[in-house]
Protein chains: 2
Amino acid sequence: MRLSTKGRYSVTAMLDLAIHDKAGPVTLADISQCQGISLSYLEQLFARLRKSGLVKGVRGPGGGYRLARPASEISIAEIICSVDENVDVTRCKGEGNCQDGGKCLTHELWTNLSNKLHEFLSGITLAQFVERPGIPELSMQRDKMIGRFVLAKKQAVAINRGVFNINKELVAKELAAKEALR
Amino acid sequence: MRLSTKGRYSVTAMLDLAIHDKAGPVTLADISQCQGISLSYLEQLFARLRKSGLVKGVRGPGGGYRLARPASEISIAEIICSVDENVDVTRCKGEGNCQDGGKCLTHELWTNLSNKLHEFLSGITLAQFVERPGIPELSMQRDKMIGRFVLAKKQAVAINRGVFNINKELVAKELAAKEALR
DNA sequence: CAATAACCAACTAAATTAGTCAGGAATTCT
DNA sequence: AGAATTCCTGACTAATTTAGTTGGTTATTG
């Protein structure tokens, strides 16, 4: 198990998706702007997340990415493992100095620790972070401040694709605010 | 908090030290040979471990490295943090798009998770791994198999420097076995 | 048809990891 | 005193990974 910036980017991006999941897909351009990661790099990361079955891409205007499963069924460990492929853990691969039919004792102790860590991160889901009281409201508030509108005109229609009923007044208001910023 | 091969090397090396701690210093050459890491690279890692006050170097023949504190007082988190310096966590440093006087909400959630992870690894000590029943015996057995002798002639004297009484018969036996291998 | 945004592949630049080399300093053994 | 051992240091190199760039194609919507 490794844990690099790559893993951090993926987890924060997935948290972003989880926060806005109820409001429809989130574009990589949005995440890129908000979290300061290059768009193409995000694309590379999401290619893996998609192959691992953690997210679904929705093409076309109003599209973006959504969680493929409920946030309560996606663990942090899964996200991290899907982006950085685990390399050779042992180095003395059965061969070499330390054999006893297997690995070094210290390597055994390490894999033991590694398993504990994995277990720990498997027990933490996206939902546990997002569904805390106040978070959804806070996120919506901030989105407005930074000019990020999940319910802009075109997207509203996309969302209407059989998911939610839209508050048309809210949509109009947000759209007006977005125009004002230009 | 990051977790790379660098951190793994350090943890396994420290485990090695902890296992053999009662028998005196362990040389980097030994660790290098047993775990398949280059000597100079280990030296670089141990320079940091020493600066962090986790190990003590003992120069001269019979020397090596020892734990600076009891294994029960050294956590995995400490080891990992001492070798890979933590880089910039945020990217949007107060400035940028996501301000509210502070960081992105997702970044807040991330630091929250990161803290939990750190807390978890702070709770695990070297001693917890080494002091399990059977481990010391197993390690000694293996050391003999691979021709690694913690109690060779010269070292025995070094250890005699006011730490332990040496079983002279055992020393002689190991020394004979070591000679036989050449 | 134009715009959006996911998808895809190849290439580049920067950073980190891992290893090499060449020595110096403390300690012990002969 | 001198040889051997082992830590300790710094500078330099090669390989790998991270991060970003460019230039597209495809599906969807208005």
Side-chain angles (χ1 to χ4, degrees), chain A residues 2-10 13 17 24-33 35-51 55-66 68 83-88 91 149-150 152-161 175, chain B residues 2-10 13 17 24-33 35-51 55-66 68 83-88 91 152-161 175:
Chain A
R2 242 159 78 214
L3 181 50
S4 58
T5 51
K6 219 163 166 177
R8 194 179 74 224
Y9 285 166
S10 306
L17 254 60
V26 179
T27 69
L28 292 190
D30 265 356
I31 297 176
S32 166
Q33 200 194 0
Q35 300 202 24
I37 312 168
S38 91
L39 179 61
S40 310
Y41 194 43
L42 273 175
E43 279 176 346
Q44 286 174 39
L45 298 180
F46 270 76
R48 301 207 194 184
L49 293 172
R50 196 169 54 82
K51 275 165 197 157
V55 298
K56 283 185 298 190
V58 180
R59 290 184 169 189
Y65 279 98
R66 313 198 62 170
V83 289
D84 40 34
E85 65 267 55
N86 40 346
V87 274
D88 52 327
R91 276 274 180 156
F149 298 87
V150 280
K153 192 182 161 199
K154 295 172 185 173
Q155 293 180 332
V157 182
I159 294 163
N160 256 334
R161 268 182 255 167
L175 195 63
Chain B
R2 244 159 78 212
L3 182 49
S4 58
T5 50
K6 218 165 168 177
R8 195 180 74 224
Y9 285 167
S10 306
L17 254 58
V26 179
T27 69
L28 292 189
D30 265 358
I31 298 177
S32 166
Q33 200 194 0
Q35 301 203 22
I37 313 169
S38 91
L39 180 60
S40 311
Y41 194 44
L42 273 175
E43 282 176 344
Q44 286 172 38
L45 298 180
F46 270 77
R48 299 203 196 188
L49 293 173
R50 199 169 52 82
K51 276 166 196 158
V55 299
K56 282 186 300 189
V58 179
R59 291 182 169 187
Y65 278 98
R66 313 198 62 169
V83 288
D84 40 33
E85 65 266 56
N86 40 348
V87 273
D88 52 327
R91 274 278 179 153
K153 192 183 163 198
K154 294 172 186 173
Q155 294 178 332
V157 182
I159 293 164
N160 256 334
R161 267 183 254 165
L175 196 63

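So you know, we letter chains A, B, ... as the sequences are listed, proteins then strands, and number each from 1.
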Nucleotide nearest B:Y41 (side chain, heavy atoms from C-beta), chosen from D:dC7, D:dG20, C:dA18: C:dA18

For the student: nearest non-hydrogen atoms of A:T27 and A:G63, plus distance: CG2-O, 3.5 Å

Length of the CZ-P vector between B:F46 and D:dC8, whole Å: 10 Å

Side-chain N,O (A:Y65) to OP1/OP2 (C:dC7) below 4.0 Å: yes

Whole angstrom value for the distance that separates P of C:dA26 from NZ of B:K56: 18 Å

Listed nucleotide nearest any side-chain atom of B:S4, set C:dT17, D:dT18, C:dC8: C:dT17

B:R2 side-chain proximity, nearest of D:dT21, D:dC7, C:dT16: C:dT16

Whole-Å distance separating the CD atom of A:Q33 from the C1' atom of C:dA5: 15 Å

Value rounded to 0.5 Å, distance of CG in B:L3 from CG in B:D84: 7.5 Å

Value in whole Å for how far the C1' atom of C:dT17 lies from CG of A:L3: 17 Å

Atom-pair distance (NZ on B:K6; C1' on D:dT16), nearest Å: 14 Å

Nucleotide of C:dC21, C:dT4, C:dT16 approaching B:S40 most closely (side-chain heavy atoms): C:dC21

Side chains of B:Y65 and B:L42 in contact at under 4.5 Å (non-hydrogen atoms): no

Side-chain N,O (A:T27) to OP1/OP2 (C:dT4) below 4.0 Å: no

Options C:dC7, C:dG19, D:dT21, nucleotide nearest the side-chain atoms of B:I37: C:dG19

Gap between atoms CD and P, on B:Q44 and C:dT16 respectively (whole Å): 14 Å

By side-chain hydrogen bond (donor to acceptor under 3.5 Å, both in side chains) - contacts of B:R48 (at least two apart): B:E85

Interatomic distance, A:E43 CD vs D:dT26 P [rounded to whole Å]: 16 Å

A:S38 side chain, from C-beta outward: closest of C:dA6, D:dG20, C:dC8: D:dG20

A:P61 side-chain proximity, nearest of C:dA10, C:dT4, C:dC8: C:dT4

Most 5' of B:R48 and B:L39 on DNA chain C, judged by nearest nucleotide: B:R48

Length of the line joining B:R59:CZ and C:dT28:P, which is rounded to integer Å: 12 Å

Euclidean distance, B:L39 CG relative to B:Q44 CD, rounded to 0.5 Å: 10.5 Å

